[in-house]
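A quick write-up on the structure given underneath.
Naming: A, B, ... by sequence-line order, numbering from 1 per chain.
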2 protein chains.
Amino acid sequence: MSKKRNTTLKELSKELSLSISTVSRALNDHPDISLETKEKVKKLAKQMNYVPNLFARGFRSRETHILGVIVPNISHLFTSTIIKGIIEEAELRGYRVIISESNNDDTKQIEMLNTMTQFGVDGVLMSLARKTKDVEEVLKVLNRIPIVLFDKVSSKIPCTQVVINEEEAAFNAVEHLIELGKKRIAIIKETENSYNSEKRFAGYLRALNQYDIPVRDKLILSTEDISLGNGRRLANILISMKKRPDAIFAITDNAAIGAIKALHKFKIKIPDEIAVVGFSNSINSTIISPALTTVDQPGDKIGRTAVRFLIEEIVSPTNEVNTKTVEIKTSLIVRDSSLMV
Amino acid sequence: MSKKRNTTLKELSKELSLSISTVSRALNDHPDISLETKEKVKKLAKQMNYVPNLFARGFRSRETHILGVIVPNISHLFTSTIIKGIIEEAELRGYRVIISESNNDDTKQIEMLNTMTQFGVDGVLMSLARKTKDVEEVLKVLNRIPIVLFDKVSSKIPCTQVVINEEEAAFNAVEHLIELGKKRIAIIKETENSYNSEKRFAGYLRALNQYDIPVRDKLILSTEDISLGNGRRLANILISMKKRPDAIFAITDNAAIGAIKALHKFKIKIPDEIAVVGFSNSINSTIISPALTTVDQPGDKIGRTAVRFLIEEIVSPTNEVNTKTVEIKTSLIVRDSSLMV
DNA sequence: CTGAAAGCGCTTACAG
DNA sequence: CTGAAAGCGCTTACAG
């Protein structure tokens with residue numbers, strides 16, 4: 001079965017002995033065209049299964065109604081939730097979405113960004129690769145089309161940025177621990193100063209300060225790769241201390257879960273001896289036992305918001321540089337890992 | 001900052017006092033063009049930041065090098081892993097990917113399929129919505145462009161289908177339980193006869209038959225929505241039986257995890273009293289304790305394979321109907337939930 | 001080795 | 001109310 005080509009305006013017009021222009025106008029409900037003609041044209045179009053070639057249309061108008069999305073890794077639940085939000089909001093507004101992964105590779109990221117602009121996307125949504133140094137190239141693209149950053153952002157790129165209230169979220173998490181009566185609160189964070197890690201750490205510090213709790217360097221642990229395994233490893237260090245912490249705030253759920261596993265091994269009671277709080281509200285946080293207290297990040301909303309701002313900029317371009325940062329509110333979900341009875 | 005328009009061939013040609021054709025050919029390394037000219041052109045192109053408008057190019061050649069992907073829900077780990085594979089393989093071969101969700105809605109699915117063809121995608125990869133009745137519309141599209149189905153497939157659509165060896169995988173899982181000495185093996189499956197559930201159930205039956213273990217209707221439980229909650233609920237039914245099963249095979253990890261939670265509540269020893277096996281190898285399966293024995297489905301490979309077959313059909317269209325089913329091998333990952341000491 | 005011209009499918013200002 | 005023509009940016013068969 002060989003593939004049929006799509007019906008074109010030309011074919012319709014020939015069939016009807018009308019001009020292409022008239023057919024086009026009839027299909028687009030142009031007021032100039034008589035009702036009779038319109039009906040005739042539409043009927044045949046339906047019959048011949050005509051679908052407009054959006055490519056040709058977009059090509060002409062310089063608008064593709066396609067948005068590009070670049071993320072480090074699509075198969076992280078949080079990321080795919082954001083993308084879900086992006087797709088839904090975009091479709092609602094008549095846009096389609098092309099998705100690409102940078103795999104946290106700076107070069108790949110730029111490459112994707114470039115091919116996307118080549119494809120004529122109307123705008124780009126992007127979450128930056130871990131070590132994005134080469135901001136120059138991003139700026140070049142930003143000269144041509146609107147870009148909105150989300151989740152992993154950078155102040156070096158002057159554009160709209162959609163993030164969660166990292167600092168405040170961390171503050172709330174740590175405050176919650178303090179309210180439980182915890183005084184020696186450890187943090188497990190990233191070594192490298194990613195935007196997220198930095199902000200969350202700042203929130204941790206602010207909470208301690210505000211409640212006059214001394215900041216102890218020994219309780220501040222960092223790791224390159226904030227994984228479950230490293231969470232476990234760092235928790236082991238904490239456990240082996242002469243004076244153990246009475247709470248652990250891990251800046252990701254995975255690290256928190258690693259910590260819980262380590263605590264289990266030493267039969268340390270959670271939360272009585274050591275409470276644990278994570279960050280993300282991943283599915284895992286309800287599977288682990290005790291269930292993990294964590295910060296819920298509304299990925300869907302982040303995605304939708306980013307799309308809204310991007311389309312705004314596409315539709316009504318301004319001459320001003322958009323550098324606003326939009327903060328999406330998170331909420332702390334308290335579960336057994338910090339529920340004192 | 002107003003957005004610059006992209007540099008075009010025309011601009012380059014004017015600048016160089018060459019014809020558009022020559023510039024085009026120079027950029028594409030056409031053998032006719034002198035080296036000198038080529039270098040001159042390429043240098044200016046770089047200088048003026050020229051990027052070819054792939055839209056125009058694709059428009060002309062009737063090839064967009066865009067693949068459409070439609071899945072029920074992108075934010076399931078298994079799905080996003082498949083998509084990761086799709087994106088990577090597609091990019092490797094110079095294709096870009098547009099992704100859409102059907103949300104398991106038949107109508108939405110068709111709608112997406114249609115707008116995708118309108119966008120001129122070269123082919124479509126799709127995992128069907130749960131209750132896909134309206135196969136007619138899909139067939140219409142199949143008349144125009146190649147479609148490859150994956151994961152959720154249907155024999156009613158004559159095209160290449162990429163799936164895992166569902167039946168064999170289930171057989172292996174149940175055989176494993178039998179080898180542990182289990183004799184009363186319950187199954188938790190879907191009520192509705194989805195392709196996956198049906199095949200897995202068939203594998204369960206074949207294993208029992210092959211080892212001369214009687215099939216007991218009471219041990220065959222079904223649910224509409226195969227979720228954690230329902231896994232728990234059905235496990236409770238099994239637990240309340242006079243003669244309990246000694247193993248549970250749940251056709252999804254979530255249901256298996258629900259079952260484990262139920263067993264925990266009744267302090268039933270896993271796997272000694274009741275062993276549990278799931279299906280998917282989701283992250284959760286290592287978070288729950290005891291860690292869950294489960295079937296690993298190589299999502300990445302499914303995605304890559306589907307892309308390969310699709311591009312094959314795009315590049316060399318045949319007049320034959322492609323109805324082959326490609327089975328991707330899974331493997332059983334044995335963990336504590338079925339590890340007898 | 002280079003150029004003028006046609007054409008991909010569509011929209012739209014201009015004429016009538 | 002309808003049509004002929006130009007143009008979006010590119011490639012390529014045809015001429016020279």
Side-chain angles (χ1 to χ4, degrees), chain A residues 3-42 44-45 48-66 115 117-122 144-145, chain B residues 3-42 44-45 48-66 115 117-122 144-145:
Chain A
K3 307 297 172 190
K4 273 189 295 191
R5 274 141 114 286
N6 281 344
T7 311
T8 65
L9 284 188
K10 206 198 218 168
E11 282 160 47
L12 289 180
S13 67
K14 190 181 277 175
E15 193 78 19
L16 291 160
S17 315
L18 279 170
S19 74
I20 296 181
S21 341
T22 304
V23 175
S24 167
R25 278 190 274 250
L27 255 19
N28 290 320
D29 262 330
H30 192 100
D32 270 4
I33 307 295
S34 74
L35 227 127
E36 201 189 356
T37 313
K38 276 185 193 170
E39 272 170 7
K40 218 169 49 184
V41 172
K42 283 182 184 169
L44 185 73
M48 293 183 63
N49 225 323
Y50 171 77
V51 278
N53 180 332
L54 295 189
F55 237 92
R57 185 185 290 176
F59 167 49
R60 192 168 188 289
S61 64
R62 296 307 211 6
E63 277 177 17
T64 56
H65 275 228
I66 297 183
T115 57
T117 58
Q118 280 185 41
F119 253 101
V121 296
D122 290 348
R144 310 170 161 273
I145 52 169
Chain B
K3 306 297 174 189
K4 273 188 296 191
R5 273 141 113 286
N6 280 345
T7 310
T8 65
L9 284 188
K10 205 196 217 171
E11 281 160 49
L12 289 180
S13 67
K14 188 181 278 177
E15 192 78 18
L16 291 159
S17 317
L18 279 169
S19 74
I20 296 181
S21 341
T22 306
V23 175
S24 167
R25 278 191 274 250
L27 255 17
N28 290 320
D29 263 330
H30 193 100
D32 271 3
I33 307 295
S34 74
L35 227 128
E36 202 189 354
T37 313
K38 277 185 193 169
E39 273 172 6
K40 220 169 48 184
V41 172
K42 285 182 184 171
L44 185 72
M48 295 185 61
N49 226 324
Y50 170 77
V51 278
N53 180 331
L54 294 189
F55 235 93
R57 185 185 289 176
F59 166 52
R60 191 171 188 288
S61 63
R62 299 301 213 10
E63 278 177 14
T64 56
H65 275 228
I66 297 184
T115 57
T117 57
Q118 279 185 39
F119 253 101
V121 295
D122 290 349
R144 310 169 158 275
I145 51 169

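Residue L9(A) contributes atom CG, which lies 20 Å from atom P of dG7(D) at whole-angstrom precision. As rounded to whole Å, 20 Å separates atom P of dC8(D) from atom NE2 of H65(A). Atom-to-atom, NZ of K10(B) to C1' of dT11(D) comes out at 16 Å; the value is rounded to the nearest Å. Atom pair E11(B):CD and dG7(D):P shows a separation of 16 Å (rounding to whole Å applied).
Residue I33(B) holds its CD1 atom at 11.0 Å from NZ of K40(B), rounded to the nearest 0.5 Å. If you take CG on L16(A) and OG1 on T37(A), they are separated by 9.5 Å, rounding to the nearest 0.5 Å.
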N/O contacts under 3.5 Å, protein versus nucleotides 2-4 of chain D?
from	atom 1	to	atom 2	distance (Å)
dT2(D)	OP1	T37(A)	OG1	3.1
dT2(D)	OP2	T37(A)	OG1	3.1
dG3(D)	OP2	S19(A)	N	3.1
dG3(D)	OP2	S19(A)	OG	3.2
dG3(D)	OP2	T22(A)	OG1	2.6
dG3(D)	N7	R25(A)	NH2	2.9
dG3(D)	O6	R25(A)	NH1	3.4
dG3(D)	O6	R25(A)	NH2	2.7
dA4(D)	N7	S21(A)	OG	3.2
dA4(D)	N6	S21(A)	OG	3.0

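The gap from the C1' atom of dT12(C) to that of dG16(C) amounts to 16 Å, rounded to the nearest Å. Taking atom P on both dC10(C) and dC14(C), the two are 23 Å apart, rounded to the nearest angstrom. dA6(C) and dT2(C) have their P atoms separated by 23 Å, given to the nearest Å.
For the pair L44(B)/Y50(B), no side-chain contact is recorded, criterion being any heavy-atom separation below 4.5 Å from C-beta on. With contacts defined as side-chain heavy-atom distances shorter than 4.5 Å, the pair L27(B)/L12(B) qualifies. Inter-residue side-chain proximity for K42(B) and D29(B) is flagged as met; some heavy-atom pair is nearer than 4.5 Å.
Evaluation of the side chain to side chain donor-acceptor pair (under 3.5 Å) rule for K10(B) yields no partner, not counting sequence neighbours. For D32(A), there are no side chain to side chain donor-acceptor pair (under 3.5 Å) partners two or more places apart in sequence or in a different chain. The side chain to side chain donor-acceptor pair (under 3.5 Å) test applied to S24(B) returns no partner, not counting sequence neighbours. Scanning for side chain to side chain donor-acceptor pair (under 3.5 Å) contacts around S13(B) gives an empty result, with sequence neighbours left out.
For the pair Y50(B) and dC10(D), the criterion of a side-chain N or O lying under 4.0 Å from OP1 or OP2 is met.
Stem analysis of DNA chain D (at least three stacked-register Watson-Crick or G-U pairs, each with both distances under 3.5 Å) gives C:1-3 with D:14-16, C:5-12 with D:5-12, C:14-16 with D:1-3.
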